[in-house]
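Here the structure is laid out as structure tokens; the discussion comes afterwards.
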Amino acid sequence: RDPRQCATPLQRTPSFQSGEGVMYRVALIGNRAHQNTYGPLFREHPHCEIVALAEHHAEKADALSSLYGLPCESDYDAVLERDDVDIVCIATDFYLKRALVPKAAVCEKHVFVDKSLARTVAEAREIAEGVRGKNVKVLLAYPSRFVTPFRMMADHLRSEAYRRPVSYVHHFIRQFPDGDLMEYVSYPTEAKVNGGGELMNLGSHTVDLLHYALGMPKRVFAHFETAYWGDFYDQFGTEDVATMLWEYEGLTAHIVTGRNRIKGEDPGSVNIVDVWCEGRHVQATPRSLTVNGERVAEEAGTEDGEGCVQHFIECIELDTTPISGVGDGLAVAEITTAGYQSAASGWFVDLPLADERHPMLSDDEQVIEGFLD
């Protein structure tokens, strides 16, 4: 059946009442990327109950079923069309979201979707068109937006409380012990599955935060390296480190993101933004915001996604619009595609794009039908 249509007109069973108020029934769709970040948060939320699972890959389905103690369907449509599901949490390979996100919205489910929204601009545009006008909440999960220091820094740039920025540099480098990378992460994959390497993965966090803070750049330049994990990334022709320059009026912003290979224990990650502007040096990390060396905000937690989930539930309850949605995902798709075009050409690429094709994908791979595994 058409993946963008419900099989029959939806007859929703109302969200049920517990002793403490409305409970939202959640379906976990897919067991890729960060489902085991967000799934536990929905399970632990006092207003949520996980009632359904879906994953087409048998091994990943078994793992999801074992974790949540529920049968896992291989048919995504069957779960999306259930009338006892209020929320779907979609964490699949990127190419699958083109069909799943619009279908969920048509079936009147609120949609919490893990980044990145899509591999290509064409897929992102289809998703944006598919959810347009639907009376549901759609949140695209970028945890950095919900971490207090990053959010304050970005909001002050948006409001021009930090005036005349001349330098913005974001280093986001995950560091892993010297060994088997696939023990730690689900990447790398070939470009036709997830659209590329670390610019699509870790880099999408830095891209989204900078776009949220300063908007769409006039043009970008990107350089990619397979510097540390060539034994994994080389086979797919993708990057483990990405560098991008974004040109604005009076400002060139700089992001560096990827995975490093180290000896010994895992030190976690480096995730720090430095902004120089009129009268201020601003530095933001997941745990603190400092201005001219004085700490002005702290965050006790880490970037675990809890803020995304809580904001999403509040938007449903208060009927407000999430601060991160499909439009942001489309913008990230445009900027990252410009980055891949720049790396391929060795020169700056103007935005908006004159040509929206992803250069690592053939014309018949710009949109994918069916399953790749």
Side-chain angles (χ1 to χ4, degrees), residues 1-16 23-45 47-119 123 126-127 130-131 134 136-141 186 189 193-194 305 309 312-313 316 367-373:
R1 54 186 178 269
D2 186 336
R4 294 166 187 79
Q5 301 296 324
C6 280
T8 58
L10 187 67
Q11 300 296 319
R12 177 184 294 281
T13 303
S15 303
F16 65 88
M23 294 291 288
Y24 298 101
R25 295 156 301 188
V26 180
L28 305 184
I29 308 295
N31 190 20
R32 318 294 173 100
H34 293 291
Q35 192 63 276
N36 286 327
T37 297
Y38 300 118
L41 293 172
F42 280 107
R43 180 176 58 188
E44 295 161 9
H45 195 283
H47 291 173
C48 294
E49 179 188 24
I50 296 174
V51 299
L53 312 170
E55 167 58 61
H56 74 272
H57 188 283
E59 182 179 351
K60 295 180 183 296
D62 289 344
L64 199 63
S65 181
S66 176
L67 184 61
Y68 293 97
L70 294 169
C72 189
E73 300 284 347
S74 60
D75 183 348
Y76 295 114
D77 286 342
V79 173
L80 293 175
E81 293 172 0
R82 283 177 52 163
D83 64 3
D84 64 342
V85 169
D86 307 302
I87 290 170
V88 295
C89 175
I90 298 176
T92 63
D93 287 327
F94 301 162
Y95 75 95
L96 289 169
K97 296 172 184 175
R98 166 183 163 263
L100 294 175
V101 175
K103 174 64 178 280
V106 167
C107 290
E108 300 180 13
K109 316 302 184 191
H110 300 295
V111 183
F112 183 100
V113 56
D114 182 32
K115 63 84 189 167
S116 291
L117 181 67
R119 307 167 313 136
E123 288 180 343
E126 283 199 29
I127 294 171
V131 304
K134 302 300 185 293
V136 296
K137 307 303 178 186
V138 182
L139 182 140
L140 178 59
S186 58
T189 58
V193 174
N194 286 316
V309 172
F312 179 60
I313 299 300
I316 295 171
V367 172
I368 293 291
E369 300 282 357
F371 298 130
L372 292 176
D373 57 359

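- The shortest side-chain heavy-atom distance between Val26 and His45 does not fall under the 4.5 Å cut-off.
- The minimum heavy-atom distance between Tyr38 and Cys89, with the atom names listed, is CB-SG, 3.8 Å.
- By the side chain to side chain donor-acceptor pair (under 3.5 Å) test, Gln35 pairs with no residue at all, sequence neighbours left out.
- Distance CZ/Phe42 to SG/Cys48: 6.0 Å, rounded to 0.5 Å.
- Residues Glu81 and Lys103 meet the side-chain proximity criterion, which asks for heavy atoms closer than 4.5 Å.
- Nearest heavy atoms, Gly305 versus Leu41: C-CD1, 3.5 Å.
- When all heavy atoms of Lys134 and Val106 are compared, the closest pair comes out as CE-CG2, 3.7 Å.
- Of all the heavy atoms in Val111 and Ala104, the pair that sits closest is CG2-CB, 3.7 Å.
- Nearest approach of Leu80 to Cys107, heavy atoms of both residues: O-CB, 3.4 Å.
- Considering only heavy atoms from C-beta on, Glu55 comes within 4.5 Å of Arg32 through its side chain.
- If you take CD on Glu49 and CG on Asp84, they are separated by 9.5 Å, rounding to the nearest 0.5 Å.
- Salt bridge Lys97/Glu126: absent, no basic N to carboxylate O contact under 4.0 Å.
- Relative ring orientation between Phe312 and Phe112 is described as perpendicular, the plane-to-plane angle rising above 60° on a 0-90° scale split at 30° and 60°.
- Counting heavy atoms from C-beta on, the side chains of Ile368 and Glu123 come closer than 4.5 Å.
- When atom types are taken as modelled, the side chain of Tyr76 and the backbone of His56 share a donor-acceptor pair closer than 3.5 angstrom.
- The shortest side-chain heavy-atom distance between Ile87 and Ile313 falls under the 4.5 Å cut-off.
- Counting heavy atoms from C-beta on, the side chains of Ile50 and Leu70 come closer than 4.5 Å.
- Proximity of Val193 to Tyr95: side-chain heavy atoms (C-beta onward) are separated by under 4.5 Å at one or more points.
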Side chain to side chain contact (heavy atoms under 4.5 Å, CB included) between Lys109 and Val136: does it pass, once the steps are laid out?
CA-CA 6 Å; Lys109 316 302 184 191; Val136 296; 5.9 Å; no
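- In terms of heavy atoms, Val131 sits closest to Pro102 at CG1-CA, 4.2 Å.
- Atom-to-atom distance recorded for Leu140:CG and Leu117:CG is 5.5 Å, nearest 0.5 angstrom.
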Please test Thr92 against Leu100 for side chain to side chain contact (heavy atoms under 4.5 Å, CB included), starting from the C-alpha separation and ending with a verdict.
CA-CA 9 Å; Thr92 63; Leu100 294 175; 3.8 Å; yes
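- Taken to the nearest 0.5 Å, the OG atom of Ser65 stands 11.5 Å off from the CG atom of Leu28.
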Side chain to side chain contact (heavy atoms under 4.5 Å, CB included) between Asn31 and Leu53: does it pass, once the steps are laid out?
CA-CA 9 Å; Asn31 190 20; Leu53 312 170; over 6 Å; no
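- Salt bridge Asp373/Lys60: absent, no basic N to carboxylate O contact under 4.0 Å.
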